[in-house]
Amino acid sequence: MTIKRKNTVLLGLLFMSLPAFSQVKGLIQVRAVASDDTQSFQDGGIGLYRHGDSSDSILLSQGIIDFKADLSSAWSAHAVVNVNQEPNTTLGLSQAYFQYQPLVNSRYKWHVKLGGFYPSMSLENPDIGWTSPYNYTNSAINSWLGEELRTIGGELSIKRPGKRFNSKHSFSVSAAIYKGNDPTGTLLSWRGFALHDRQTTFNESVQFAPIAALNSDELRWQANQVLPFEEVDGRFGYYAGVHWDYLKRSQFRFYYYDNNADPSIFNRTTGQYAWHTRFSSLAWLYKFTGKTRLIAQLLDGKTEMGANKLIYNRFYSHYLMLSHKAGKHRLSLRYDYFKVDDDDTTAFDPNASHGEGLTATWRYQLTDTLQIGVEGSALHSFVQNRPGSGFAQRLSQQQIMLNAQWRF
């Protein structure tokens with residue numbers, strides 16, 4: 001088992017504080033996978049699923065422990081520990097932060113987060129440890145957020161609860177500044193979007209297939225992996241978001257994110273460029289009834305790396321999901337579309353890609369703590385740089401997963 005040094009320190013402090021924790025929750029999920037013979041991106045292949053030609057076996061897909069400690073009436077500490085089996089067995093933190101939420105007499109509420117955490121962009125991943133209660137495989141948008149995006153800084157949120165104003169509408173605004181996340185955009189440019197449920201832990205790397213352009217003089221120092229949470233240029237990034245809820249029936253979230261990276265800066269020691277990545281995210285959840293809901297999200301942005309726009313790409317994705325719960329059963333169906341447009345003039349490094357996927361999931365709640373489920377998924381993708389590495393540009397993939405999940 002490999003554990004990064006910084007994670008070891010954080011985990012040590014976490015477990016030393018266990019007696020003080022007021023809440024400990026966990027989830028263990030195992031699955032059996034039948035998939036095509038395409039090697040996964042996790043193993044340096046071109047497959048866009050988490051599991052590939054070496055995954056036709058029973059494996060640990062999620063191991064999550066979620067801690068919360070009330071340090072005072074206003075301060076709390078939060079941490080999420082993830083155990084992953086692929087591509088290597090690792091133990092690490094995907095979130096670790098403090099939250100300050102004072103009790104106020106005002107009709108407005110506010111809180112501050114300090115540490116490492118997800119921006120609240122997703123309506124698909126509200127479950128323990130940023131998992132989804134709908135599909136086992138995340139959308140292309142949230143697959144990317146889970147692998148390349150994390151706030152490592154501070155966030156201020158102010159909420160206007162509808163009940164306190166005798167209104168059907170609730171609003172909140174959030175703003176954050178952070179460091180790290182400078183290499184964000186690397187995977188979208190050289191691999192494209194993917195569909196999976198693998199969350200990158202702090203100080204972990206994500207591989208991608210060998211890229212012919214990395215043999216060029218201009219890119220020869222770039223590593224064949226991304227360290228998504230590395231600080232490269234010393235500059236602060238920022239984002240801002242707005243939430244609008246109507247009668248707990250409709251939820252709307254809009255975010256603008258800009259990592260403010262200097263694309264001319266490169267860390268030769270780690271092989272990581274700073275990618276100037278900025279995007280807008282729009283998410284909507286609508287409940288037709290208490291049992292049936294529609295969830296949609298749209299992501300639109302651009303990323304730039306190198307002097308004089310050596311690499312400059314625009315990216316876009318959206319998904320539509322319909323989910324229905326009947327007793328102990330939940331059925332969810334999701335359609336994904338994703339693309340990356342190559343808008344630079346660097347002919348030796350083609351970055352265009354596009355694809356679409358369909359995912360259907362059935363979950364059955366055996367008991368309060370035990371759940372089983374089946375998921376089938378199919379996707380088609382086109383990635384322009386694949387022939388340079390000896391692969392076909394177009395790829396069709398399918399996978400079926402049997403899942404068993406235990407909560408504690």
Side-chain angles (χ1 to χ4, degrees), residues 1-11 40-45 50 80-84 86-97 115-119 130 143-153 178-194 196 198-211 213-214 218-237 257-279 301 303-306 310-311 313 315 349 351:
M1 177 177 291
T2 61
I3 304 177
K4 301 292 186 180
R5 184 174 61 184
K6 291 182 180 179
N7 275 344
T8 304
V9 175
L10 289 170
L11 286 168
S40 169
F41 69 90
Q42 286 199 123
D43 299 313
R50 175 180 178 180
V80 179
V81 178
N82 295 68
V83 181
N84 290 301
E86 295 181 308
N88 300 303
T89 303
T90 59
L91 173 68
L93 288 162
S94 59
Q95 298 186 66
Y97 63 92
F117 51 90
Y118 284 101
W130 205 77
S143 295
W144 176 61
L145 296 186
E147 62 190 357
E148 270 205 305
L149 203 80
R150 218 63 49 88
T151 305
I152 304 174
Y178 56 89
K179 283 197 171 184
N181 258 189
D182 286 341
T184 299
T186 305
L187 289 175
L188 291 186
S189 296
W190 283 325
R191 182 205 63 194
F193 284 95
H196 60 84
R198 177 66 154 83
Q199 298 181 55
T200 309
T201 57
F202 299 129
N203 302 313
E204 197 175 21
S205 64
V206 183
Q207 286 188 289
F208 48 86
I211 305 299
L214 300 191
E218 293 89 341
L219 298 174
R220 67 187 183 278
W221 301 112
Q222 167 67 45
N224 208 86
Q225 63 179 9
V226 58
L227 302 171
F229 312 129
E230 179 172 308
E231 178 58 44
V232 178
D233 61 4
R235 293 163 63 166
F236 284 93
Y257 169 100
D258 189 336
N259 71 354
N260 192 37
D262 183 345
S264 66
I265 303 300
F266 177 67
N267 185 334
R268 185 175 293 190
T269 302
T270 60
Q272 301 295 302
Y273 275 91
W275 293 69
H276 185 196
T277 299
R278 53 276 197 204
F279 64 83
T303 187
E304 174 186 350
M305 183 273 274
L310 177 68
I311 299 177
N313 300 318
F315 54 90
D349 184 34
N351 302 128

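These numbers were taken from a predicted model, which means no experiment stands behind them.
Put simply, the side chain of N260 gets close to the backbone of F236: a donor and an acceptor are under 3.5 Å apart. Counting only distance, with no hydrogens or angles, the side chain of Q272 and the backbone of E231 share no donor-acceptor pair below 3.5 Å. Side chain of S94 to backbone of Q199: no donor-acceptor contact under 3.5 angstrom is found. With S205 contributing its side chain and L227 its backbone, the two residues share no donor-acceptor pair below 3.5 Å. Under the 3.5 Å distance criterion, the side-chain polar atoms of K179 are left unmatched by any main-chain donor or acceptor of I152. Put simply, the side chain of T277 never gets that close to the backbone of T303: no donor and acceptor are under 3.5 Å apart.
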(Q) Walk me through whether T201 and N82 qualify under side chain to side chain donor-acceptor pair (under 3.5 Å). (A) CA-CA 7 Å; T201 57; N82 295 68; over 6 Å; no

Q) Checking ring-ring contact (aromatic ring centres under 6.0 Å, His included) for the pair Y273/F266: CA distance, chi angles, key distance, verdict? A) CA-CA 4 Å; Y273 275 91; F266 177 67; 4.3 Å; yes

Q | side chain to side chain contact (heavy atoms under 4.5 Å, CB included) evaluation trace for Q207 with R191 | A | CA-CA 9 Å; Q207 286 188 289; R191 182 205 63 194; over 6 Å; no

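Interatomic distance, NE2 of H276 versus CG of D258, reported as 3.5 Å (0.5 Å rounding). If you take CE on M305 and CG on L310, they are separated by 5.5 Å, rounding to the nearest 0.5 Å. N351 contributes atom CG, which lies 8.0 Å from atom CH2 of W190 (distance to the nearest 0.5 angstrom). Within the model, atoms CZ of R220 and CG of L214 stand 12.5 Å from one another, a figure rounded to the nearest 0.5 Å. Atom CD of Q222 sits about 10.0 Å away from atom CG of D349, to the nearest 0.5 Å. Distance CG/L93 to CG/L91: 8.0 Å, rounded to 0.5 Å.
When the options W130, Y97, F202 are evaluated for a ring-ring contact (aromatic ring centres under 6.0 Å, His included) with F117, the one that passes is Y97. Here the options are E148, E204, E147, the test is salt bridge (charged side-chain N to carboxylate O under 4.0 Å, His left out), and the partner is R198; only E204 passes.
Between F208 and V226, the closest heavy-atom pair is CE2-N, 4.1 Å. For the pair A261 and D233, the tightest heavy-atom approach, listed with the atom from each and the gap, is CA-OD2, 3.1 Å. The heavy-atom pair separating R150 from G146 by the smallest distance is NH2-O, 2.8 Å. Annotation for G44 and P210: closest pair O-CD, 3.5 Å, computed over non-hydrogen atoms. Heavy-atom minimum distance, N181 versus F229: ND2-CD2, 3.2 Å. The two residues P183 and P228 have their closest heavy-atom pair at CD-O, 3.6 Å.
You'll find the side chain of F279 stays beyond 4.5 Å of the side chain of L188, heavy atoms only.
Ring-plane geometry between Y178 and Y257 is classed as parallel, the angle between the planes falling under 30 degrees on a 0 to 90 degree scale with a further cut at 60.
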